[in-house]
Amino acid sequence: MKKVRIDKIISPFDLEDAARIVNSKPGLYLSVNLQSVTDGSLMELLSFENVIGYVDGVGAQFYLRKYGVKFNKIPGCELWLKLLEQRSDKRCSIAIIGASSNVNEKTVMLLKEQFPMHSIDYYVDGYSFEEEKLLSKIASHDFDYIFISLGQPKQEYLGIKIAKVNPNAVILGLGGSFDVYCGSVKRAPKFMIYMNLEWLYRIASQPKRIPKLIRAFFKAV
């Protein structure tokens, strides 16, 4: 397995610090979890100048210790909202891409309520967009944030194309974060998050994830 570019993975103290780092540097931010850290094609994206990783998973934390570095876990489902919160003194332009039509629309509605100072200038669900038209739209507007919820690795491969046509935006692949934000998927109880057992809750509530996790585990060991 190819060596991971740990120099391209941010090492913040906490969520607040992570948001400050991300807000200070545009680019594509790749969620480093057990699935992605054992995927050579995804880790290869870190070789691009404007692609940066952040650790979002206990499995990736343990895996990366082999390089002698300890990374704090930064949940993507919290990071994107903290980014917007930190920039509440500015009117930021946002694009929301992915999830089902209902979840996408509800995400937009809730964001408008929570962050009325920002502007959602483009949104499309993950099933009805044409990539060429989407990239044309993204290229024609000066977005500050582009949030993509398509799951790995699809969101990262789209994200790298978006970064080429709009290099000044912060682009974040968020997996199922829109579903969590809308309440259609429940996040683990706080005590499980605190005890680093969120992965166990997700497996129990979404057993279809088990085969992917098993494959990633055997790649890691």
Side-chain angles (χ1 to χ4, degrees), residues 3-37 42-43 45-96 107 110-111 114-115 117-118 143-149 152 155-156 159-160 162-163 166-178 180-181 187-199 201-202:
K3 189 175 181 180
V4 177
R5 287 283 306 273
I6 59 171
D7 60 305
K8 294 295 297 294
I9 301 175
I10 62 172
S11 184
F13 298 114
D14 53 22
L15 179 64
E16 197 79 38
D17 188 39
R20 281 193 293 267
I21 293 170
V22 174
N23 271 329
S24 69
K25 184 177 175 60
L28 170 63
Y29 285 82
L30 189 155
S31 170
V32 179
N33 49 48
L34 189 61
Q35 180 184 340
S36 62
V37 82
L42 274 177
M43 289 297 96
L45 294 180
L46 290 175
S47 63
F48 288 89
E49 183 179 357
N50 60 342
V51 180
I52 304 155
Y54 68 97
V55 174
D56 182 9
V58 175
Q61 281 182 302
F62 281 103
Y63 179 83
L64 291 170
R65 285 182 182 177
K66 67 193 284 187
Y67 295 98
V69 182
K70 183 179 179 181
F71 290 94
N72 289 324
K73 181 168 74 77
I74 305 297
C77 63
E78 297 178 20
L79 177 59
W80 71 297
L81 299 172
K82 181 60 69 173
L83 295 175
L84 299 178
E85 180 185 309
Q86 284 190 356
R87 299 287 292 277
S88 59
D89 60 336
K90 176 188 175 184
R91 187 170 181 81
C92 295
S93 178
I94 303 168
I96 299 293
T107 297
L110 292 175
L111 285 174
Q114 185 176 357
F115 301 102
M117 72 291 295
H118 299 319
F143 289 99
D144 295 290
Y145 298 105
I146 300 169
F147 299 122
I148 313 172
S149 185
Q152 288 183 324
Q155 62 194 18
E156 282 73 27
I160 196 67
I162 287 175
N166 199 324
N168 297 318
V170 168
I171 306 159
L172 213 60
L174 292 170
S177 294
F178 294 170
V180 174
Y181 182 60
R187 197 177 175 194
K190 288 184 178 180
F191 81 90
M192 294 190 77
I193 296 172
Y194 178 77
M195 296 177 67
N196 287 324
L197 293 174
E198 189 169 9
W199 61 272
Y201 178 87
R202 294 175 71 181

Lys8 meets the salt bridge (Lys or Arg N to Asp or Glu O under 4.0 Å) criterion, sequence neighbours left out, with none

Does Met195 CE have over 12 foreign heavy atoms under 6.0 Å away? no

Is any side-chain heavy atom of Leu64 less than 4.5 Å from a side-chain heavy atom of Val4? yes

Check: Tyr54 side chain, Val22 main-chain N or O, donor-acceptor pair, under 3.5 Å: no

Is Asn33 reaching over with its side chain to a backbone N or O of Asp56, donor-acceptor style, under 3.5 angstrom? no

Taking the side chain as every heavy atom from C-beta outward, state whether Met43 and Leu46 have any pair of such atoms under 4.5 Å apart. yes

List the atom pairs, donor and acceptor, that lie under 3.5 Å between side-chain atoms in residues 75-83 and the rest of the protein, sequence neighbours left out.
| residue | atom | partner | partner atom | Å |
| --- | --- | --- | --- | --- |
| Glu78 | OE2 | Arg187 | NH1 | 2.5 |
| Glu78 | OE2 | Arg187 | NH2 | 3.1 |
| Trp80 | NE1 | Cys77 | O | 3.3 |
| Lys82 | NZ | Glu16 | OE1 | 3.3 |
| Lys82 | NZ | Glu85 | OE2 | 3.1 |

Tell me the closest heavy-atom pair linking Pro167 and Pro26, and the distance in Å. O-CB, 3.7 Å

Test side chain to side chain contact (heavy atoms under 4.5 Å, CB included) applied to Leu15 and Ile74, step by step: CA-CA 6 Å; Leu15 179 64; Ile74 305 297; 3.9 Å; yes

Parallel under 30°, tilted from 30 to 60°, perpendicular over 60°: which one fits the rings of Tyr63 and Tyr67? perpendicular

Quick one: are Ile94 and Phe115 in side-chain contact, heavy atoms under 4.5 Å? no

Could you state the interatomic distance from NZ (Lys90) to CG (Asn23), rounded to the nearest 0.5 Å? 9.0 Å

Show your working on side chain to side chain contact (heavy atoms under 4.5 Å, CB included) between Val170 and Tyr29 and close with a plain yes or no. CA-CA 8 Å; Val170 168; Tyr29 285 82; 4.2 Å; yes

Between Asn72 and Phe13, what is the shortest heavy-atom contact and its length? ND2-O, 3.1 Å

Begin from the C-alpha positions of Leu84 and Leu111 and carry the test side chain to side chain contact (heavy atoms under 4.5 Å, CB included) through to its verdict. CA-CA 10 Å; Leu84 299 178; Leu111 285 174; 4.1 Å; yes

With side chains defined as the heavy atoms from C-beta onward, is the minimum distance between His118 and Asp144 less than 4.5 Å? no

May I have the step-by-step check of side chain to side chain contact (heavy atoms under 4.5 Å, CB included) for Ile162 and Leu28, ending in yes or no? CA-CA 9 Å; Ile162 287 175; Leu28 170 63; over 6 Å; no

What are the two closest heavy atoms between Ser31 and Ser36, and how far apart are they? O-OG, 2.8 Å

With side chains defined as the heavy atoms from C-beta onward, is the minimum distance between Ile52 and Ile21 less than 4.5 Å? no

Side-chain heavy-atom pair Lys70, Arg65 within 4.5 angstrom cut-off: yes

Closest non-hydrogen atom pair between Arg87 and Cys92, with its separation: CB-SG, 3.9 Å

Return the minimal non-hydrogen interatomic distance between Gln86 and Asp89, and the atom names on each side. O-OD1, 4.0 Å

